[in-house]
Amino acid sequence: SPNLTPACSGMTYMGQAFTFEATIEARNSADALTVNYENDYAVATVSVVAEDQSMANQGNDLGSRIGGLGSPVWSNGSYAIATTSAVFSRPATPLATPLVPNGGGPFDLLVSGVRVSDPDGAIVSSPVMDLRATTSGICTAPGTNAATDCDATQIGSTMKMRFGRLVLNNAYGSNLLDLLIPVRAE
C-alpha cells in the first residue's frame, strides 16, 4: 500500500530523508496484472506531484522538489517507488508571489501523490484520483472539467515540512546575572 512517512514525529525538515512508497500496476480490462507491460510496451509515464493544502490548494506543483526516489522503471506490469531516502528540497530561489504567498514553505499540510500519463488513454481507476497540484481549490471528479479534473492519486496523509531548527545549547551560571545561552541554527 502507498506510504509517506515523515522523518520525525509528524513532520520533516526540508533536506531530511523520509519514506516514500507507491506501486502502480498496469491492469487489463479483466483487472489482471498486465505482466508484459515493460520495456517498449510501457508507454505510461509516472511523475510525483505535491501541493500545500493549507494555502487553499494554491495551484503550485511542488513535486519537482521531491528527489531521492531512484530511477524506477516498469517491470512485469509494475512501477514501484520504494525509498527511505526521499528528500523535499528548499527552492533555489524564493517562490513567494502575491498569488502564491507560501511557495517556498514552510508547509503545514503538504500532500504528495503520483500522476500517471498514458498516451494510449489508460486511466488510474483505483485508488480514485483525488489530487491536482496544478490548480487552485479542490479538483473535480475525472471527466467533469478537463481544466480542473483530479489527475493524480494522493500517497499517504498530509505532512508538515519545515525549513530547519534552532538548537539551544546547555548553559550554566549565577542566578543573579543574565545568562548567555548559545544558539545554533541547523
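Rounding to the nearest 0.5 Å gives a distance of 11.0 Å between CG of L69 and OG of S47. Within the model, atoms CE of M129 and OG1 of T153 stand 6.5 Å from one another, a figure rounded to the nearest 0.5 Å. In this structure, D120 CG and Y41 OH are separated by 12.5 Å, a value rounded to the nearest 0.5 Å. How far OG1 of T158 is from CG of L110: 8.5 Å, rounded to the nearest 0.5 Å. To the nearest 0.5 Å, atom CE of residue M161 and atom CE of residue M11 are 8.5 Å apart. Atom OG of residue S157 and atom CG of residue L4 lie 7.0 Å apart, to the nearest 0.5 angstrom.
Looking only at distances, no side-chain donor or acceptor of D151 sits under 3.5 Å from a matching main-chain atom of R115. The closest donor-acceptor contact from the side chain of Y37 to the backbone of A44 lies under 3.5 Å. Remark: side-chain polar atoms of Q16 are not paired, donor with acceptor, to backbone N or O of F18 under 3.5 angstrom.
The shortest distance between side-chain heavy atoms of I81 and P72 falls below 4.5 Å. Looking at I24 and W74, their side chains come closer than 4.5 Å, going by heavy atoms from C-beta outward. Using a 4.5 Å heavy-atom threshold, the side chains of D118 and V43 count as touching. A heavy-atom distance below 4.5 Å is not found between the side chains of Y172 and N170. The shortest side-chain heavy-atom distance between V111 and L131 falls under the 4.5 Å cut-off.
Closest non-hydrogen pair, A17 versus S85, comes out as CB-CA, 3.9 Å. Nearest heavy-atom pair across G77 and L33 is O-CD1, 3.5 Å. The heavy-atom pair separating Y13 from C8 by the smallest distance is CE1-SG, 4.5 Å. Considering all non-hydrogen atoms of both residues, T34 and N28 come closest at OG1-N, 3.3 Å. Taking every heavy atom of both residues into account, T83 and E21 meet most closely at N-CG, 4.4 Å. Between E51 and A133 the shortest heavy-atom distance is OE1-CA, 3.5 Å.
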Side chain to side chain contact (heavy atoms under 4.5 Å, CB included) between L109 and D52, worked out: CA-CA 5 Å; L109 296 172; D52 181 30; 4.1 Å; yes
Derivation of the side-chain hydrogen bond (donor to acceptor under 3.5 Å, both in side chains) call for T140 and D149: CA-CA 5 Å; T140 55; D149 284 355; 2.9 Å; yes
Salt bridge (Lys or Arg N to Asp or Glu O under 4.0 Å) between D108 and K160, intermediate numbers included: CA-CA 4 Å; D108 284 329; K160 292 181 181 179; 5.4 Å; no
Go through the steps for F107 and F88 under the test side chain to side chain contact (heavy atoms under 4.5 Å, CB included), then give the verdict. CA-CA 11 Å; F107 304 108; F88 187 87; 3.7 Å; yes
For V114 and I155, run side chain to side chain contact (heavy atoms under 4.5 Å, CB included): C-alpha distance rounded to whole Å, both residues' side-chain angles, the deciding distance at 0.1 Å, then the answer. CA-CA 7 Å; V114 292; I155 302 298; 4.2 Å; yes
Trace of the side chain to side chain contact (heavy atoms under 4.5 Å, CB included) decision for R162 with T12: CA-CA 6 Å; R162 299 290 184 245; T12 298; over 6 Å; no
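Remark: the D61 side chain and the T134 side chain contain no N/O donor-acceptor pair separated by less than 3.5 Å. For the residue pair T23 and S78, no side-chain donor N or O sits within less than 3.5 Å of a side-chain acceptor on the partner.
Tracing side-chain contacts under 4.5 Å through hydrophobic residues (I, L, V, M, F, W, Y), one never reaches I66 starting from V49; they form parts of separate clusters. Hydrophobic clustering (ILVMFWY, side-chain heavy atoms < 4.5 Å, transitive): V183 and L179 are in one cluster. There is no path of hydrophobic side-chain contacts, each under 4.5 Å, that joins V87 to M14.
Counting heavy atoms of neighbouring residues, nucleotides and ligands inside a 6.0 Å radius, atom CG of D178 does not exceed 12 of them. Enclosure of atom CG in L180 is not indicated, since only 12 or fewer non-hydrogen atoms of other residues, nucleotides or ligands lie within 6.0 angstrom.
The ring-ring contact (aromatic ring centres under 6.0 Å, His included) check on F20 picks up nothing, with sequence neighbours excluded.
For residues 74-86, no residue pair satisfies the salt bridge (charged side-chain N to carboxylate O under 4.0 Å, His left out) rule, not counting sequence neighbours.
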